[in-house]
Enquirer: 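Before I ask anything, here is the structure I am working with.
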Amino acid sequence: MNQRSCLCLSLLITAFVVFAGCDKKEKGNSATTSNGSGGKLTIAVIPKGTTHEFWKSIEAGARQAGEELGVEIKWKGPVLENDRAEQIKIVEQFASEGVSGIVLAPLDDTALRRPVQEATDNKVPVVIIDSALKGEAGKDFVSFISTDNKQGGVMAGDKLAKLLDGKGKVVMLRYQEGSASTMDREAGFLKAVGKNPGISVTVQNRFGGPTSDNSKTTSLEMLDKIKEADGIFCSNESTTFGMLLALRQEGLTKKAKFVGFDTSSNLMEGLRNGEIDALIAQNPKKMGYEGVRVIVDQLRGKKVEQRIDSGVKLLTSMNLNDPEIMAFLGMTGGAAPATQPTVTKPAP
């Protein structure tokens, strides 16, 4: 081979090596962007379910935070709030896809521990919102953001006891087993009414289930106890609305004092027209917003709060126009969080 041929061959080999290197670099950059280790952060937000108004407010808060912080939000959850297997599958799916982080409202405080641990082990940090997961914030997951659910239950119990002048029969409709948030509310309620010797809780171990239709059916099944009751407590949106539907069907609205939880449009209508005597209000939009903010701060190397209380208020038809209540409901319904979160145990 002459000198000129050798030179041409050398140039061809050099060009091939450069081209292959550029192609590999381009593929590498594409993978880096998609798996969250570079480029725009991608945050998966996984609710307990996707049908109740409560979760739509969570989504609104998460998307608002995503827009303000310049991150992509992927919203996906099970349709029904009793589908633990589906929620586990969604967590595993997002973790394997390599999202930057996960914000999760766990359906079950025990069943979701394994997939959360696996995500964390794979360098996908997780923030827990709404309902507790067994474990330690700052160690097993980044942070826990929720209503003080036990205090919300105490507020409900104190209000119902006051409405009953400390005496009478009470029916409590639970949500479902394994849901830490509602179990805390129910425990708080029972503790509060238990301070009144004149009050007896005649039903306290019935579960409404994941939808208002399920809760309506359960309510109708214990109609004899409801007819005897002086007071009723339900621990979330679906149980409160299901109970209200059953009372309407049977012509029993306003017969007993009724305290519920959450502030969907249907429940607020019931409060305004006197079918419901009081509601315990959460701030789901703030919960979704803070969940995304905290996970993004964590990913960007900032110190984060390990516990944030998103707030809880007692609503009646008499205080709906109070400035403090209006501001709280405005936050829940569409505005950005207007106050700094209550923070405890800052991260080191």
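Note that the structure is predicted; figures quoted are calculated from it, not measured.
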Enquirer: Using the rule given for side-chain hydrogen bond (donor to acceptor under 3.5 Å, both in side chains), can you reason through Ser215 versus Thr218, listing the C-alpha separation, both sets of side-chain angles and the distance that settles it, and then say yes or no?
Expert: CA-CA 5 Å; Ser215 295; Thr218 302; 5.9 Å; no
Enquirer: Please report the C-alpha distance between Ser238 and Asn236 in whole Å, then the side-chain angles of each, then the deciding distance to 0.1 Å, and finally whether the side-chain hydrogen bond (donor to acceptor under 3.5 Å, both in side chains) criterion is met.
Expert: CA-CA 6 Å; Ser238 60; Asn236 80 325; 3.1 Å; yes
Enquirer: Within the structure provided, determine whether Thr217 and Asn214 are in side-chain contact (heavy-atom separation under 4.5 Å).
Expert: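 The answer is no; the side chains never approach within 4.5 Å.
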Enquirer: Decide side-chain hydrogen bond (donor to acceptor under 3.5 Å, both in side chains) for Lys313 and Gln282; before the verdict, give the C-alpha distance in whole Å, the side-chain angles of both, and the deciding distance to 0.1 Å.
Expert: CA-CA 7 Å; Lys313 298 288 183 185; Gln282 303 185 80; over 6 Å; no
Enquirer: What are the two closest heavy atoms between Pro125 and Ile295, and how far apart are they?
Expert: O-CD1, 3.6 Å
Enquirer: Hey, is Arg206 close enough to Glu221 for a salt bridge, meaning N to O under 4.0 Å?
Expert: yes
Enquirer: Please, which pairs that meet ring-ring contact (aromatic ring centres under 6.0 Å, His included) have at least one residue in residues 154-205, sequence neighbours excluded?
Expert: Phe189-Phe233
Enquirer: If a pair satisfies ring-ring contact (aromatic ring centres under 6.0 Å, His included) and one of its residues is in residues 63-112, list it, with sequence neighbours excluded.
Expert: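 ring-ring contact (aromatic ring centres under 6.0 Å, His included) check on residues 63-112 returns no pairs.
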Enquirer: Gln117 and Asp121: side-chain donor and acceptor closer than 3.5 Å?
Expert: yes
Enquirer: Does Lys48 pair with Asp130 as a salt bridge, N-O distance under 4.0 Å?
Expert: yes
Enquirer: Do you know the tightest heavy-atom contact between Thr316 and Ala278?
Expert: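 So the two residues come closest at CG2-CB, 4.2 Å.
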Enquirer: Is Glu275 salt-bridged to Arg248, going by a charged N under 4.0 Å from an acidic O?
Expert: yes
Enquirer: Does a sphere of radius 6.0 Å around NZ in Lys255 hold more than 12 heavy atoms from other residues, nucleotides or ligands, not counting ones at 6.0 Å or beyond?
Expert: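 Yes - once you tally the heavy atoms of other residues, nucleotides and ligands closer than 6.0 Å, there are more than 12.
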Enquirer: Let me know which of Ile88, Ile46, Ile128 forms a side-chain contact (heavy atoms from CB on, under 4.5 Å) with Leu112.
Expert: Ile88
Enquirer: Do Leu223 and Leu252 have side chains that approach each other closer than 4.5 Å (heavy atoms only, starting at C-beta)?
Expert: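 Yes, at least one pair of side-chain atoms sits under 4.5 Å.
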Enquirer: Taking the side chain as every heavy atom from C-beta outward, state whether Leu107 and Gln176 have any pair of such atoms under 4.5 Å apart.
Expert: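 Side-chain contact under 4.5 Å: yes.
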Enquirer: Inspect the contact between Glu186 and Arg174 and indicate whether a charged nitrogen and a carboxylate oxygen are less than 4.0 angstrom apart.
Expert: yes
Enquirer: Quick one: do Glu68 and Arg63 satisfy salt bridge (Lys or Arg N to Asp or Glu O under 4.0 Å)? Show the steps, please.
Expert: CA-CA 9 Å; Glu68 291 180 8; Arg63 292 199 182 280; over 6 Å; no
